[in-house]
Undergrad: 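Below: one structure in structure tokens.
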Amino acid sequence: MAPPSPAPDFAAARDHMVDGQVRPNKVVDPRIIRAMRTLPRERFLPPHLASLAYVDEDVALPGGRALVEPMVIARLVQLLQVRAGESGLVVGAGTGYGAALLATMGARVTALEDDPALLAIARAALAGTAVTIVDAPVAAGWPGAAPYDFILIDGAVSAIPDALADQLSPTGRLATVVQEAGNGGGQGVLAEPVQTPGHHPGAPGRPAHRLRAQPFFDCTTPLLPQLRARPAFTF
């Protein structure tokens with residue numbers, strides 16, 4: 001009878017992830033590095049996938065979703081330049097890893113997800129944290145807690161929806177991966193509001209802002225199925 005396999009050394013795997021994948025790829029915010037060394041990424045996966053938690057690629061989840069590659073989620077979070085006490089929304093929060101990173105940095109985070117299987121993992125993984133989990137349609141955002149200082153779309157989109165642009169504060173930031181469906185290439189972008197000329201805050205049927213987006217790095221990650229809606233902004 002073969003001896004049992006040793007339990008994975010997840011703490012060592014976290015260090016290898018940070019030192020081999022994250023820091024060499026221009027992630028310099030010490031708060032992100034500390035968070036990624038301590039957050040148990042394996043808890044944000046179903047048990048049978050836990051051994052894949054620290055690979056340098058997306059980990060496929062049910063429903064066409066993924067736990068985003070460590071380097072990509074780290075760089076997206078870094079683009080937001082989050083300050084302690086700011087409020088933010090994570091759209092398509094999945095199993096909650098991106099939301100946990102932001103909360104560890106001192107932000108007040110709302111994690112928006114509508115997939116029951118992913119929500120079940122997120123609720124367990126985020127228990128005891130300051131993250132508020134909302135079970136509601138992802139495409140609509142979560143206007144109940146808007147405006148937000150930042151929004152993270154935890155996955156790729158072909159276009160940023162109107163609903164999300166409207167939920168940013170005038171000085172807010174939105175980070176995501178923008179890529180076309182069927183196109184292997186994408187870019188991590190930071191989008192910021194530009195006041196629409198002639199807009200009167202609160203005017204019904206008119207968006208508060210348009211977004212100006214700037215690409216920062218090349219990457220790919222699965223498109224969020226829930227956000228394949230009519231675009232507000234295309235990159």
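Counting from 1, the numbers follow the sequence of the chain as shown.
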Undergrad: I want to check something: taking the side chain as every heavy atom from C-beta on, are Thr176 and Val189 in contact at a cut-off of under 4.5 Å?
TA: yes
Undergrad: Could you tell me whether the side chain of Leu211 reaches within less than 4.5 Å of the side chain of Pro193, counting heavy atoms only?
TA: yes
Undergrad: Minimum heavy-atom separation for Leu126 and Ala100, please, with both atom names.
TA: CD2-CB, 3.8 Å
Undergrad: Salt bridge check, Asp19 against Arg37: does any charged N sit closer than 4.0 Å to a carboxylate O?
TA: yes
Undergrad: Using the test salt bridge (charged side-chain N to carboxylate O under 4.0 Å, His left out), find all partners of Arg123 that sit at least two apart in sequence or belong to another chain.
TA: none
Undergrad: Are the side chains of Val177 and Gln187 in contact, using a 4.5 Å heavy-atom criterion?
TA: no
Undergrad: Less than 4.5 Å apart, side chain to side chain, heavy atoms only: is that true for Phe150 and Leu102?
TA: yes
Undergrad: If you round to the nearest 0.5 Å, how far is OG1 of Thr38 from CD1 of Ile33?
TA: 12.0 Å
Undergrad: Find out whether Val91 and Leu152 are in side-chain contact, i.e. whether some heavy atom of one side chain is under 4.5 Å from a heavy atom of the other.
TA: no
Undergrad: Asp29: what forms a side chain to side chain donor-acceptor pair (under 3.5 Å) with it, not counting sequence neighbours?
TA: Arg31
Undergrad: Under 4.5 Å between any side-chain heavy atoms of Val178 and Ser158, yes or no?
TA: no
Undergrad: Going by atom types alone, do Tyr54 and Arg41 pair a side-chain donor with an acceptor below 3.5 Å?
TA: no
Undergrad: Looking at CG of Leu118 and CG of Leu61, how far apart are the two atoms once the value is rounded to the nearest 0.5 Å?
TA: 6.0 Å
Undergrad: Do Arg75 and Glu69 sit within salt-bridge range, that is, some charged N less than 4.0 Å from a carboxylate O?
TA: no
Undergrad: Would you say Val109 and Tyr97 are hydrophobically clustered, going by side-chain heavy atoms of ILVMFWY under 4.5 Å?
TA: yes
Undergrad: Within a strict 4.5 Å, meaning less than it, do heavy atoms of the Arg23 and Met36 side chains meet?
TA: no
Undergrad: Counting neighbours of CZ on Arg43 that are heavy atoms of other residues, nucleotides or ligands and sit closer than 6.0 Å, is the number greater than 12?
TA: no
Undergrad: In terms of side-chain geometry, is the basic nitrogen of Arg65 or Asp115 positioned less than 4.0 Å from the acidic oxygen of its partner?
TA: no
Undergrad: Using a 4.5 Å cut-off on heavy atoms from C-beta on, say whether the side chain of Val68 contacts that of Asp154.
TA: yes
